[in-house]
Each structure stands twice: as C-alpha cells, then as structure tokens.
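Taking it in order: structure first as structure tokens, then the write-up.
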Number of protein chains: 2
Amino acid sequence: MEETPERLAGKPSWLLTQLAVHAHRLASEGFAEAGARGYHYRVLAALDEFGVASQAELGRRCNMDRSDVVAAVTELAERGFVERTQDPQDRRRNMVTLTELGRTQLCRLDRALDQAQEDLLGPLAAQDRQTLTRLLGVLLTHHQRA
Amino acid sequence: MEETPERLAGKPSWLLTQLAVHAHRLASEGFAEAGARGYHYRVLAALDEFGVASQAELGRRCNMDRSDVVAAVTELAERGFVERTQDPQDRRRNMVTLTELGRTQLCRLDRALDQAQEDLLGPLAAQDRQTLTRLLGVLLTHHQRA
DNA sequence: GCGCCAACGTTGGCGCCACCAACATACATG
DNA sequence: CATGTATGTTGGTGGCGCCAACGTTGGCGC
C-alpha cells in the first residue's frame, strides 16, 4: 500500500471522513444481510423509542430530509415493518406506527450494528473508546446547533 | 429540534458518520468556492507531495477507485492544474504532473481546508484535539490494513 | 368568514463519494 | 510464445444528503 499524502493523513477531517467510510461499510454490510439500509434503521429506532410519529417528526429526529423519509417509510411499509395511516386530528399528517414485525427487524439490525461497533473500535481499549465517544459527542452536538 | 433516538446517539458509528457529514460539508463549502471537490484536492496533494505519478498510483495513495481518478484528472487537466502525458517507459501509464497553476490551486484549497479544520474542532481544547486525532489515526490505520 | 402564511407529504431531480464490471492495451513471467 | 496481470477507460449502481416545486391542510390575524 503506497503512503497517503501527509497533507491528508494529518487532517482531522480526513481521518474522520475516511474512518466514517469504514464505519458505514461495516454497518451497511450488516444491514444488507437483512435487506436494509441506514435510513431504515434510523426510522425504526425512532419509532421504537418515541412511539407513533409523523413523517416530518421522524425526519427531524433522524436528521433526514422529508423526501427521504417518504421513501424509507414506503419501503418499510411494503415489507410490513411499519404502518402508515392518516392522522384524523390533522389530515396533513401520516402517523407511522411500528409493527411487531418491525420490532423484530429492528432487533436484527441492532445485533448487526452492535457487531459493527465492535469491529470498528476493535483495537481500542475501553478507556479510549469512552474518550473517543465523548469527544465526538461534544463536536456533534456543537455542530448540530449551528 | 426533536431529540434523536438514544439507539443512535450513543453509537460511535453514528457519531462518526454524522460528524463526518459536517466535516465534509465544511470542507466542501471551501472547495466549492474554488470550483473544486474533495477528489481534486486529494489528487493535487498527492502530486505535490510525491511528484509525478501514474493514475493507478494516485488511486492507491488517495484511496480512490481508478475510474474516479480518470474523471478527477480529466477535470484538473481541463483547467490546467495538471498535465497528463504518456509514460515512454511503460506505454500503459499516464504520467500526471502538477503545473504551477495547479500548485496555486492547491494552496488555495489548503487555506480553505485549514479553515474547515478550525471550524470543525472549534469547541475542543488543543489537548482534546490531539487526543481525538490520535485515536482516529489508530483506528484508521487499523482498518486500512484489513 | 376570509386571506395569508406555515406545515406536511409527495414527486423529481442533483451532487458527492464509493464501488463494480467489462474491455483493450501493454507489460511481465512462466 | 502463452499466460497472467497492471493500466486506463467507459458506463453504470447505490447510499446519503439536499433542494425546488406542488397540492393539501391547519392555524392565525384581520
């Protein structure tokens, strides 16, 4: 393997984005075995944690564009993981509910993702993992406000 | 802003990929002002640091697919930032050389990227920045072998 | 009540990045 | 010389993030 330019290798943004590629690949491989993508997991996770929600709400929680939520919910609904019903109180909204099947799928994806975390952080000691997670958390919350 | 599911917010891979989105956005905005993308910067940086190189070599150094190198080099050549000439020793290869104009562009992109780093790591103290960079580096080198 | 603005869902599209398959050419190795 | 392998090139795919536009529906001020 040829060396990568120092200009890149030293920059946090390079390390971050390149490592994110690996993280994404690890997670995606697991998801793919269940026929899912990241967007599906996000939606299922949000529904499980906060219960029935409108699509707009899901978008805000999961950091997804409204239009992408549409596609994800449609795909999840086709496989019976969620149900999409019109909100009688507000006829603009779709209420998306998690089904039993969806809960099962979420568990499956959870296992895959846990494995991915393990693979991702493999070479790090528990202490370092915690430090890394903390620092990433600080930065992310900071950038999500602005 | 609604809260994001704990299932996501706690996972390093989530923090990593989401923060990478911000990092990528910060860098891209800077690059865009110079009419460039990440791929262009990578190629220019590799050429500056290691001198003339074949496209395959560039791909290995910059972690890019051969086909993507073709496009990037073509675009850079159109704007006079690099020159593509056939290697007389090995007529399969294209030797890609950085021009003076290309060096100027690289400087410009460098400034933009430095600014992005600053914005990205804004809320972190020098000590924490160093720790973060180190941990990311450890993980990245680990995953690049496998 | 009416008009205006905001929110929602939906469609269609775009850009960046990562990746793959296939091919022709040219080199390397047996 | 035959075989295999590296290179450049073309064309295509998929995930993710994002935007513009439209029709529908609610909410609010007047």
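Given the structure is predicted, the values throughout are model-derived calculations rather than measurements. Here is the naming used below: chain letters follow the sequence lines, and residue numbers restart at 1 for every chain.
At the phosphate of D/dT9, OP1 or OP2 sits under 4.0 Å from a side-chain N or O atom of B/N94. For the pair B/Q55 and D/dA6, the criterion of a side-chain N or O lying under 4.0 Å from OP1 or OP2 is not met. Note on B/H24: a side-chain N or O is less than 4.0 Å away from OP1 or OP2 of C/dC17. Taking only side-chain nitrogens and oxygens, B/Q18 never comes nearer than 4.0 Å to OP1 or OP2 of D/dC16. Distances shown here put every side-chain N or O of A/R84 at or beyond 4.0 Å from the OP1 or OP2 atom of C/dC8.
Note on A/V21: only backbone sugar-phosphate atoms sit closer than 4.0 angstrom, heavy atoms only; bases stay farther off. Residue A/S54 is classed as a sugar-phosphate contact, given heavy-atom separations below 4.0 Å to backbone atoms only.
Across A/P88 and A/R91, no two heavy atoms sit closer than the pair O-CG, 4.3 Å. Contact between A/P12 and B/T133 at its shortest, heavy atoms only, is CG-OG1, 3.9 Å. Listed here is the closest heavy atom pair of B/L109 and B/Y41: CB-CD1, 3.6 Å. B/A23 and A/L16 make their closest contact through CB-CD2, 3.9 Å (heavy atoms, listed as atom of the first residue, atom of the second, distance).
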Inset, instruction - Determine which bases of DNA chain D form Watson-Crick or G-U wobble pairs with both distances under 3.5 Å, and write the result as a 5' to 3' dot-bracket string with | for other-strand partners. - result: ||||||||||||||||||||||||||||||

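Remark: C1' of D/dG14 and CG of B/D65 are 14 Å apart, rounded to the nearest angstrom. Counting to the nearest Å, the C1' atom of C/dA18 and the NE2 atom of B/H143 are 17 Å from each other. Going from atom CZ of A/R60 over to atom P of D/dG17 covers 17 Å, rounded to whole Å.
There is no path of hydrophobic side-chain contacts, each under 4.5 Å, that joins A/F50 to A/V82.
The base of D/dC19 is paired with the side chain of A/S67 by a donor and an acceptor separated by under 3.5 Å. Remark: the B/D68 side chain and the C/dC19 base include a donor-acceptor N/O pair separated by less than 3.5 Å.
Atoms CG and CE, on A/D90 and A/M95 in that order, are 11.0 Å from each other to the nearest 0.5 Å. Atom CZ of B/F31 and atom NE2 of B/H24 lie 8.5 Å apart (nearest 0.5 Å). Atoms CG and CD, from B/L19 and A/Q144 in turn, are 9.0 Å apart once rounded to the nearest 0.5 Å.
Side-chain contact between B/R25 and B/E29 is present, with at least one heavy-atom pair separated by less than 4.5 Å. Contact check for A/R60 versus A/V69: no side-chain heavy atoms found under the 4.5 Å cut-off. In this structure, the side chains of B/H143 and A/L120 come closer than 4.5 Å at one or more pairs of heavy atoms.
Less than 4.0 Å separates DNA chain C from at least one heavy atom of each of the following residues of residues 25-42 of chain B: B/R37, B/G38, B/Y39, B/R42.
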Nucleotide N/O to protein N/O under 3.5 Å, stretch nucleotides 22-30 of chain C:
from	atom 1	to	atom 2	distance (Å)
C/dC27	OP1	B/R91	N	3.0

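Of the listed residues (A/L139, A/V138, A/L15), just one forms a side chain to side chain contact (heavy atoms under 4.5 Å, CB included) with B/L132, and that residue is A/L139.
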